[in-house]
Each structure stands twice: as C-alpha cells, then as structure tokens.
Number of protein chains: 2
Amino acid sequence: MTATDWLPEAVRANAIDRKLRAGQALFHAGDSTVGLFEVLEGKVRLVRVDRSGREAVLQAASAGDTLAEASLFSSTYHCEAVATTRAEVRLYPKAALLAEFARDPELVRSFAAMLAQQVMALRTRLERYNIHSARDRVQHFLTVNMRTDRRTVTLPGTLKDLAADLGLTHEALYRTLARMTADGEIKRSGNIIRLTRSTYD
Amino acid sequence: MTATDWLPEAVRANAIDRKLRAGQALFHAGDSTVGLFEVLEGKVRLVRVDRSGREAVLQAASAGDTLAEASLFSSTYHCEAVATTRAEVRLYPKAALLAEFARDPELVRSFAAMLAQQVMALRTRLERYNIHSARDRVQHFLTVNMRTDRRTVTLPGTLKDLAADLGLTHEALYRTLARMTADGEIKRSGNIIRLTRSTYD
DNA sequence: CGAGTGATTGACTTAGATCAATGACCGTGG
DNA sequence: CCACGGTCATTGATCTAAGTCAATCACTCG
C-alpha cells in the first residue's frame with residue numbers, strides 16, 4: 001500500500017539515493033525531468049514561484065511520499081523542488097522506468113491502478129476539507145477510515161499528525177475528540193477509536 | 001484537458017448514456033464494477049455510509065468529471081454513487097476499456113499520464129486548503145493558475161464556483177477580492193484578474 | 001537528570017460563516 | 001415587448017467556532 005510497491009526489481013536496482021541539506025533544491029522549473037522521486041526522510045516541497053517572488057506550495061512531501069509522477073510524461077519540470085529539512089530522496093531514473101514500461105505493459109497498469117487509488121484518496125480528503133466544522137470533519141474521517149468491523153478506527157500516527165492531516169490545529173482536534181467522547185459518540189483506548197452506536201436509529 | 005480526452009474512438013463508440021432522477025443510485029457498495037463513468041449533466045456523489053447511517057462524501061462530481069477510475073482495477077465497488085440532482089452520465093464499459101488497454105499499451109500510458117496530472121492538481125488543491133487565511137488562499141490560487149504571461153489569471157466559471165473550489169463561502173471570496181483590489185494587489189476586469197506588481201521587490 | 005515532544009486544557013481573539021438585503025442581468029413565456 | 005423568476009455579485013451586521021498563545025503533565029531518550 002506504499003506508493004512504490006508497484007515498482008519492479010529491475011527499476012529498484014537502478015535507484016539512486018541522494019542526501020539534501022535543508023534549503024537545497026532537487027530540481028528547478030525548466031530542468032529536464034530525470035525520473036520519479038521517493039522521499040525517504042525529511043521533507044521536500046514542490047513550489048511554484050510567481051514573478052513577485054511569492055511562493056505557492058504544490059505539494060509537501062514527507063517520508064514515504066512520491067514526487068513528480070507526472071514528470072515521467074513530460075520533458076521538463078514546471079515547478080521547483082526544495083528540501084525544507086535535511087532530507088534523503090531516492091530517484092528512480094526515468095530511462096529505466098520507461099524502458100520497463102515498454103517491456104512490461106502490466107507494469108503500466110499497476111502504475112495506473114496506484115494512481116487511480118491516489119486520485120480517489122485525494123478527492124476524499126478534499127471533500128473532507130470542504131466540511132468546515134471540526135466535529136463533522138472528524139466524523140467524516142472516522143466514517144471513511146472505519147475498519148471492516150465498521151466500528152473502530154486505528155489511528156496511524158500521532159494525534160498531531162492526524163490534526164495536520166485533517167487541516168485542524170492539534171488543540172482543535174484534542175478538544176473535538178474530548179467533546180465527542182464526553183457526548184458518548186466515541187470511546188478512545190490508546191490509538192483506537194470506537195464508534196459508539198448513534199442514538200438515533 | 002478534459003478528463004476523457006485520452007479515450008479512443010473504439011471505447012467512445014461503446015459508451016452508454018443514462019439519465020438519473022435526483023436521488024437515484026448509480027451503483028451500490030458490493031456491486032460488480034461496470035466501467036468508467038463520466039458525468040455529463042447534474043451532480044453525482046460517491047458516498048460511504050457507516051453503520052449508524054451517517055454519510056461521508058468521497059467525491060462530488062459535476063458535469064465533466066469522471067467517476068470511479070479505480071473501479072477499473074477492482075471487481076466490486078466500495079461505496080455508493082447517488083445522483084443528487086437530475087443527472088446524465090456516460091458509461092464506458094469496463095470490458096471495452098480493458099480490451100483496448102490490452103490491445104494498445106500506449107493507451108494505458110495516456111491513462112496513467114492523465115491520472116498523474118490529476119494527482120498533482122489534487123495535491124495542489126489540498127495544499128491550498130491547508131492555508132487558513134482567505135487572502136492567502138486566493139493568492140495561492142492566483143500564483144498557481146497564472147497564465148504564461150505570469151500576470152493574469154482568467155477565471156474559469158462564476159465566482160461562486162471559484163469560492164466553492166477554494167473552500168470559501170462566496171461572501172468571503174467577494175470580500176477578499178474587494179480588499180485585494182482596494183489594496184492595489186490585483187485589478188479585475190470581467191473574469192480576468194491582473195496581478196499588480198507587488199510593492200516589496 | 002534535563003531536553004524534547006506529545007497530549008491536554010484554559011483564556012482570548014479574530015477571521016470567516018451565517019443570515020439578510022439589494023441591484024444587475026438574463027432568459028422566457030404570456 | 002415586458003414582467004417575472006432565477007441566479008450571480010455585492011455589501012452589511014452578527015455570531016461563533018477555531019486559531020493563537022500559554023501553561024501543565026507525562027513520557028522517552030541519551
């Protein structure tokens with residue numbers, strides 16, 4: 001379920017790791033594309049800069065995220081990539097990847113499947129962000145991430161991470177969870193949240 | 001640049017159009033997947049329902065949007081699709097699509113390229129949503145959607161649509177634009193916004 | 001043991017949501 | 001041809017939920 005699971009050995013073997021210091025650029029707009037990046041450690045940002053020097057973040061990638069998938073189908077980059085912390089990235093060179101794509105059509109399908117999955121996940125997060133109330137946003141998250149028992153959700157990381165993921169401050173999340181617990185809507189034990197059967201049904 | 005541009009004639013020829021009344025379901029969780037949907041008119045929602053009947057919207061698709069790309073690689077649906085208005089959808093049957101995929105590897109690449117593009121666009125919108133200030137959010141939108149002259153942005157639809165896209169109420173957007181205009185940051189003429197050179201640089 | 005981080009709660013402020021009203025515009029049907 | 005219903009654009013007033021600042025406690029790690 002990691003974003004690079006679909007990559008075959010042939011491509012992995014050609015990967016190149018690279019360390020970056022904070023502030024160092026990975027590529028610039030206009031550079032020729034070199035391949036697919038995976039962030040191993042630290043944080044890397046894709047940024048577009050307008051003529052007055054204002055920056056707009058296109059993506060903030062952390063460990064485990066992939067970068068610049070679309071660049072595989074384009075000859076130059078259209079944004080900057082900069083490490084915002086000391087970071088380590090892995091490059092899967094474009095040539096090796098495209099060669100594998102040509103040799104193995106099934107691989108392209110896996111790639112497409114992974115991308116389709118991502119599109120869905122991103123759209124879902126986007127919908128969540130359209131909900132303005134913190135409580136409803138948490139509800140949305142819980143409903144979507146319910147385990148198959150349809151009762152519990154296991155939180156992946158820290159609550160702070162979750163807060164960032166939900167687009168809330170961590171304080172707002174703590175308070176919201178506290179209120180939901182007080183109202184008997186959920187029960188928490190460690191990093192597991194149990195949905196209490198709603199009263200109206 | 002439409003989401004279905006990559007579809008070849010062979011697949012288009014097999015498309016099936018279908019009209020839905022408001023509230024009508026397109027498919028249910030557990031149903032076998034039938035193909036890729038394109039919304040021609042109206043609105044269709046992908047929804048996940050939890051055991052207490054609470055709904056979480058996974059995607060709200062309007063005219064021009066595509067639906068359930070990931071279902072091409074899965075045998076059953078994992079959510080409900082319901083028209084929220086009278087709507088018309090076009091179905092590209094799975095069999096025809098997969099057959100074309102098998103016949104023409106280049107097509108899968110086009111599909112992947114389109115998805116990669118979408119992933120990037122969605123990630124960018126997500127980053128925008130992480131910005132809490134309405135003004136900075138508008139700035140982000142403008143910087144990202146600047147035309148090649150790097151000075152002007154042409155608004156696609158109505159301001160209300162844009163507001164929804166930005167995750168703001170239309171009132172908030174009007175006010176923000178008014179303030180930015182008053183501050184000389186932008187100039188508006190019709191649906192074109194011109195970025196005034198920032199003062200600090 | 002002290003530094004660093006996560007979890008939590010309190011107090012205060014504010015930006016944006018909400019409710020409301022108005023004018024412009026546009027198509028349409030009588 | 002014009003009145004009318006609908007939607008967009010815009011602005012005002014008000015309210016509240018979430019952001020911000022701040023403090024505390026628990027825990028881990030070297």
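So that the names make sense, note that chain A is the first sequence line, chain B the second, and so on, each numbered from 1. What you see below is based on every heavy atom in this structure, not just the backbone, and it leaves out hydrogens, waters and symmetry mates.
The CG atom of Leu168(B) sits 14 Å away from the P atom of dA9(D) (whole-angstrom rounding). Taking atom CG of Leu159(B) as the reference point, atom C1' of dC25(C) lies 15 Å away to the nearest angstrom. When rounded to the nearest whole Å, the span between CG of Asp161(B) and C1' of dT7(D) equals 11 Å. Distance, Ile131(B) CD1 to dG16(C) C1': 16 Å, rounded to whole Å. Atom OH in Tyr129(B) sits roughly 15 Å away from atom C1' in dG16(C) (whole-Å rounding). In this structure, Arg137(A) places its CZ atom 8 Å from P of dA18(D), rounding to the nearest Å. Note: CG (Leu173(B)) to P (dA15(C)) measures 17 Å, nearest angstrom. What separates CG of Leu177(B) from C1' of dG16(C) is a distance of 15 Å, to the nearest Å.
Ring centers of Phe101(B) and Phe111(B): under 6.0 Å apart, within the cut-off.
With sequence neighbours excluded, the residues forming a ring-ring contact (aromatic ring centres under 6.0 Å, His included) with Tyr174(B) are His170(B), listed by chain and number.
For dG19(D), one of the phosphate oxygens OP1 or OP2 lies less than 4.0 angstrom from a side-chain nitrogen or oxygen of Thr169(A). OP1 or OP2 of dT8(C) lies within a sub-4.0 Å distance of a side-chain N or O belonging to Arg188(A).
Within 4.0 Å of Gly167(A), counting heavy atoms only, lie sugar-phosphate atoms of the nucleic acid but no base atom. Within 4.0 Å (heavy atoms only), Ser133(B) reaches sugar-phosphate atoms of the nucleic acid but no base atom.
When the nucleotides dA9(D), dT9(C), dA17(C) are ranked by their closest atom to the side chain of Glu171(A), dT9(C) comes out on top. Closest to the side chain of Lys160(B), from the set dG6(C), dT11(D), dC8(D), is dC8(D).
Contact of Arg175(A) with dT20(D) (side chain to base): a donor-acceptor pair of N or O atoms is detected under 3.5 Å.
Leu177(A) contributes atom CG, which lies 7.5 Å from atom CG of Leu162(A) (distance to the nearest 0.5 angstrom). The structure places CZ of Arg45(B) at 5.5 Å from OG1 of Thr84(B), a figure rounded to the nearest 0.5 Å.
Note on ring orientation: taking the six-membered ring where Trp is involved, the planes of Tyr129(B) and Tyr129(A) are tilted (angle from 30° to 60°).
Remark on DNA chain D: of its neighbouring residues Tyr174(B) and His132(B), the 5'-side contact belongs to Tyr174(B), judged by nearest-heavy-atom nucleotide.
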